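Below you'll find the structure, written out as structure tokens, and then a few comments.
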There are 2 protein chains.
Amino acid sequence: MSIKYGQTCPISKAAEVLGERWTLLILRELLLGTSRFNDFQRALSQISPSLLTKRLGQLTDAGLVIKKKTTDKRSEYFLTPAGRELEPIMIGLGKWGSRWARGQMSGDELDVEMVMYDLCRRIDADALPACRNVIHFVVRGAARLTHWWIVVDPDKRELCVNNPGHEDDLTITTNARILNEVWAGDVRLEDAIGGGRFELKGSSVLTQSISAWLRRGMFADVRPAREGDCR
Amino acid sequence: MSIKYGQTCPISKAAEVLGERWTLLILRELLLGTSRFNDFQRALSQISPSLLTKRLGQLTDAGLVIKKKTTDKRSEYFLTPAGRELEPIMIGLGKWGSRWARGQMSGDELDVEMVMYDLCRRIDADALPACRNVIHFVVRGAARLTHWWIVVDPDKRELCVNNPGHEDDLTITTNARILNEVWAGDVRLEDAIGGGRFELKGSSVLTQSISAWLRRGMFADVRPAREGDCR
DNA sequence: CGGTATCCCCCGCGATACTG
DNA sequence: CAGTATCGCGGGGGATACCG
């Protein structure tokens with residue numbers, strides 16, 4: 001069972017549902033369209049399977065999530081209307097976090113998996129040639145995996161940690177910190193490329209249009225607050 | 001130290017700051033103007049002093065709260081601009097909770113202390129006679145205390161658990177559940193009075209104007225969601 | 001792939017007492 | 001009033017194995 005505060009206050013009730021570890025991040029993923037168990041694990045790389053099961057169950061019990069079986073017996077999770085109504089709040093949290101909680105992260109906890117998963121999801125296929133595009137990331141200093149491939153076909157996309165067997169159209173070499181900083185909006189993509197911290201090798205079409213198709217995290221454009229930024 | 005998710009995502013960073021037990025409720029109180037340690041304890045009746053200390057410290061470290069010493073050596077806590085910018089999010093949470101998370105609470109966990117504290121804070125002194133008004137609450141079925149007095153002077157107000165020694169102008173007799181339901185907006189004040197579940201005895205001026213000066217919780221007017229209320 | 005089951009450890013937290 | 005200090009426990013949750 002979940003937290004109880006013993007208060008009738010609506011904020012208290014909301015906090016009972018939302019205030020447990022990982023819950024807000026699971027909701028973030030649901031809002032972004034993640035629906036399958038393994039995709040949650042990919043996006044929340046440090047969560048354990050048992051805890052993920054538990055949280056999804058709690059969210060289901062609370063009426064924010066509904067579980068559906070596909071025809072081929074796989075499970076999918078979706079937000080109910082109650083869950084979807086949290087979207088403006090989650091966006092508010094993201095903007096707030098971007099302004100006020102951009103903490104420095106120590107090198108060894110940089111989560112490459114989540115960033116790669118999100119980059120893949122957010123790539124703009126319409127800004128790419130209308131054929132198969134294979135983008136190979138070489139990420140130095142990653143906790144576990146150094147090589148990632150994003151395969152974008154006109155109608156589907158896939159993130160691979162093993163060589164998918166097609167020829168790479170573009171190879172991007174960088175390190176975990178720069179990757180995170182670019183994704184989060186701390187560093188502009190052009191600056192990272194110009195400074196040699198984000199090397200591109202391969203198709204010149206892809207290279208020249210990269211800032212069009214490689215979209216950063218959704219809060220990358222929120223201006224961080226500075227000293228004296230208070231009204 | 002607080003939760004770490006190991007992600008650069010702004011929602012994740014926000015969740016690290018806000019996602020621990022009691023933190024959202026402490027912020028609620030700060031937004032409502034609570035500034036002193038004992039007042040937090042009153043409003044969050046189930047929190048332990050050590051945990052309250054810890055959370056206030058974490059919020060201070062995170063830059064949401066600032067601690068000030070008054071001239072007479074007492075401590076007060078206030079929100080920084082970063083903390084104040086959470087207000088729309090907290091209001092969103094309250095509205096969402098009011099619509100989707102009005103859970104039934106079992107009788108023995110009805111928090112009378114928090115409700116009395118909030119009722120006192122929200123009483124509209126301008127709708128009362130411009131003199132001292134003493135309102136005595138008799139709350140049956142309360143976990144600990146049955147008698148409460150709210151003393152409203154034109155320029156200050158006070159919540160007492162011992163008879164303040166002035167004559168009562170109005171005595172309100174009810175029980176913990178009705179008190180919570182009225183405060184939360186589940187039951188209309190007039191209906192509770194009409195149904196005899198909220199007895200008034202004393203000044204007829206106060207009795208007749210009660211719905212003007214006894215303001216309910218701030219989310220009492222949010223319409224709860226019903227079946228079929230989804231778009 | 002999509003989970004459940006089990007074990008066990010650690011620490012978050014409640015309770016209580018005490019201090020300036 | 002405004003905390004700090006200490007102690008002890010319970011269960012949250014990590015790790016791992018296993019099942020359909």
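These numbers come from a predicted model, not from an experiment. Letters go in sequence order (proteins before strands), and every chain restarts at 1.
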So does A:K67 get a side-chain nitrogen or oxygen closer than 4.0 Å to the phosphate oxygens (OP1/OP2) of C:dG3? yes

Atom CD of B:E20 to atom P of C:dG12: distance rounded to whole Å? 8 Å

Separation of atom CD in B:Q46 from atom C1' in C:dA15, rounded to whole Å: 14 Å

Expressed as a whole number of angstroms, how long is the span from A:R55:CZ to C:dT4:C1'? 17 Å

For a quick check of understanding: with a heavy-atom distance under 4.0 Å over all strands, which category does B:F40 fall into, base, sugar-phosphate or nothing? nothing

Which atom pair, heavy atoms only, marks the closest approach of A:A184 to A:R102? O-NH1, 3.9 Å

Salt bridge flag under 4.0 Å for residues B:R42 and B:E29: no

It should be established whether B:R74 places a side-chain nitrogen or oxygen under 4.0 Å from OP1 or OP2 of nucleotide D:dC1. no

Basic-acidic side-chain contact under 4.0 Å: A:E16, A:K13: yes

A:L30/A:L64 under side chain to side chain contact (heavy atoms under 4.5 Å, CB included): CA gap, chis, key distance, verdict: CA-CA 10 Å; A:L30 284 161; A:L64 310 209; over 6 Å; no

Whether B:S48 contacts C:dC13 is assessed here as follows: a side-chain N or O lying under 4.0 Å from the phosphate OP1 or OP2. Is that the case? no

How close or far is atom P of C:dC1 from atom OH of A:Y77, stated in whole angstroms? 15 Å

Residue pair B:F37/A:S50 against DNA chain D: nearer the 5' end by closest nucleotide is B:F37

How close or far is atom P of D:dG13 from atom NZ of B:K4, stated in whole angstroms? 17 Å

For B:K69, which contact category applies under a 4.0 Å heavy-atom criterion: base, sugar-phosphate, or nothing? nothing

How long is the line joining CG of B:L51 and C1' of D:dG8, in whole Å? 16 Å

side-chain N/O A:R36 vs C:dG2 OP1/OP2, d < 4.0 Å: yes

For the residue pair A:H136 and A:H147, categorise the inter-ring angle as parallel (less than 30°), tilted (30 to 60°) or perpendicular (more than 60°). tilted

So what does B:S75 touch, heavy atoms closer than 4.0 Å: a base, only the sugar-phosphate, or nothing? sugar-phosphate

Separation of atom NZ in A:K73 from atom P in D:dG20, rounded to whole Å: 12 Å

To the nearest angstrom, how far is A:N38 atom CG from C:dG3 atom P? 9 Å

